[in-house]
Amino acid sequence: MRIATWNVNSIRSRIDRVEAWVQRADVDVLAIQETKCREDQFPHDRFAALGYEVAHHGLNQWNGVAIASRVGLEDVSRGFPDLPQWGEPAVEEARAIGATCAGIRLWSLYVPNGRHITDPHMQYKLAWLDTLRVQTQAWAETGSPFALMGDWNIAPQDEDVWSMEYYLDKSHVSPPERAAFQAVLDAGVTDVVRPHTEPGDFTYWDYQRLAFPKRRGMRIDFILASEPLAERVQGAVIDREERKGQGASDHAPVVIEVADA
DNA sequence: ATGGTTGCCAAGCAA
């Protein structure tokens with residue numbers, strides 16, 4: 001079984017490429033981030049035509065997460081307990097959706113962008129991650145297979161950015177963010193993609209300044225699996241090809257191959 | 001050279 005995560009940067013503007021990619025990559029489950037639309041705007045019919053069920057959580061033109069599956073989709077959860085609120089008025093944003101597919105509990109997550117080390121968004125981001133840490137610990141204690149998939153807006157290691165000098169005073173690499181990411185790992189999950197990749201294998205490249213052809217990217221999209229699932233992962237790939245050409249998302253899809261239970 | 005890109009939706013914000 002092939003499971004993937006992809007920040008598509010608007011499902012409506014990307015639907016043609018998403019449709020082509022899920023067929024080319026032959027994925028059974030796709031966790032999507034940044035759908036950027038309400039539920040009534042989501043192109044459900046396009047996924048249904050390909051044989052995928054979809055659970056979507058989208059409240060407005062921002063954020064938005066979904067899970068598409070052709071191996072079953074059960075027990076959908078939109079958000080999880082104690083997530084911090086944001087905005088005026090403060091609301092819980094559409095940044096997490098969970099579903100059970102082929103016996104595996106999968107989460108599509110869009111971690112808040114801290115924007116800058118000193119920005120209020122950074123405290124929101126860290127609080128959000130701490131809530132995720134608490135939940136991860138609880139999920140791990142059940143001993144069931146699960147994965148946290150999505151855009152973390154964190155580059156946990158120096159090799160995960162094209163230049164540490166460039167990012168030194170910026171978000172995504174700060175010690176508090178990296179500590180928050182590590183705390184989630186310590187709660188009971190592991191990065192199952194890294195063992196199958198090399199330094200310089202990024203998942204995101206800015207649209208600006210020719211970042212992609214200059215290979216100036218970051219590795220900020222991850223699949224973190226609990227032990228019962230991690231031991232079934234047979235391979236992984238970041239599909240850099242999908243970042244090429246007109247109409248590409250600024251993120252590449254990340255795929256894992258999982259053995260049957 | 002203080003630039004450039006994309007998507008929301010139609011001015012400015014978000015990434």
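FYI, side chains are in, hydrogens and waters are out, and symmetry mates aren't considered; it's all heavy atoms of this structure. Since this is a predicted model, take the numbers as computed values, not measurements. The sequence lines fix the lettering, A, B, ..., with proteins before strands; numbering per chain opens at 1.
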| message | Under a 3.5 Å distance rule, please check whether A/R115 uses its side chain to pair with a backbone N or O of A/M122 as donor and acceptor. | response |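 Checked: no pair found.
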| Counting just side-chain N and O atoms, does A/R115 come under 4.0 Å of either OP1 or OP2 of B/dA14? |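 A/R115 to B/dA14 OP1/OP2: side-chain N or O found under 4.0 Å.
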| Upstream residue (5' side of DNA chain B) when A/A248 and A/N113 are each assigned their closest nucleotide |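 Upstream on the strand: A/A248.
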| query | Closer to the 5' end of DNA chain B via nearest nucleotide, is it A/H121 or A/D206? | reply |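 Result: A/D206.
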| Any side-chain heavy-atom pair from A/F47 and A/I32 closer than 4.5 angstrom? |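 Contact flag for A/F47/A/I32 side chains = yes.
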Output the rounded distance in Å from [atom1] ([X]) to [atom2] ([N]).
{"X": "A/Q246", "N": "B/dG7", "atom1": "CD", "atom2": "C1'", "value": "15 Å"}
{"X": "A/F212", "N": "B/dT6", "atom1": "CZ", "atom2": "C1'", "value": "16 Å"}
{"X": "A/D221", "N": "B/dA15", "atom1": "CG", "atom2": "P", "value": "15 Å"}
{"X": "A/M122", "N": "B/dA14", "atom1": "CE", "atom2": "P", "value": "15 Å"}
{"X": "A/Y204", "N": "B/dG7", "atom1": "OH", "atom2": "P", "value": "13 Å"}
{"X": "A/W62", "N": "B/dA14", "atom1": "CH2", "atom2": "P", "value": "7 Å"}
{"X": "A/Q61", "N": "B/dA10", "atom1": "CD", "atom2": "C1'", "value": "12 Å"}
{"X": "A/L59", "N": "B/dC8", "atom1": "CG", "atom2": "C1'", "value": "15 Å"}

| task | Mind telling me whether A/W107 and A/F80 have parallel, tilted or perpendicular rings, with 30° and 60° as the class edges? | result |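 Judged by the thresholds at 30° and 60°, the geometry between A/F80 and A/W107 is perpendicular.
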Which part of the nucleic acid, if any, lies within reach of [X] when heavy atoms closer than 4.0 Å are counted: base, sugar-phosphate only, or nothing?
{"X": "A/Q208", "result": "base"}
{"X": "A/R38", "result": "nothing"}
{"X": "A/Y110", "result": "sugar-phosphate"}

Where the side chain of [X] is defined as all heavy atoms beyond and including C-beta, which of [options] is the nearest nucleotide?
{"X": "A/S13", "options": "B/dG7, B/dA15, B/dC9", "answer": "B/dG7"}
{"X": "A/Q41", "options": "B/dC9, B/dA14, B/dG4", "answer": "B/dC9"}
{"X": "A/R209", "options": "B/dG4, B/dC9, B/dT5", "answer": "B/dG4"}

| task | Test side chain to side chain contact (heavy atoms under 4.5 Å, CB included) on A/Y204 and A/F212 and set out the steps. | result | CA-CA 8 Å; A/Y204 163 85; A/F212 181 65; over 6 Å; no
Using the [atom1] atom as the point on both nucleotides, what is the distance between [M] and [N], in whole Å?
{"N": "B/dA14", "M": "B/dC9", "atom1": "C1'", "value": "13 Å"}
{"N": "B/dA11", "M": "B/dA1", "atom1": "P", "value": "34 Å"}
{"N": "B/dG4", "M": "B/dA15", "atom1": "C1'", "value": "14 Å"}

| query | Under 6.0 Å from the CD atom of A/E165, do we count more than 12 heavy atoms belonging to anything else shown? | reply |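 12 or below, so no.
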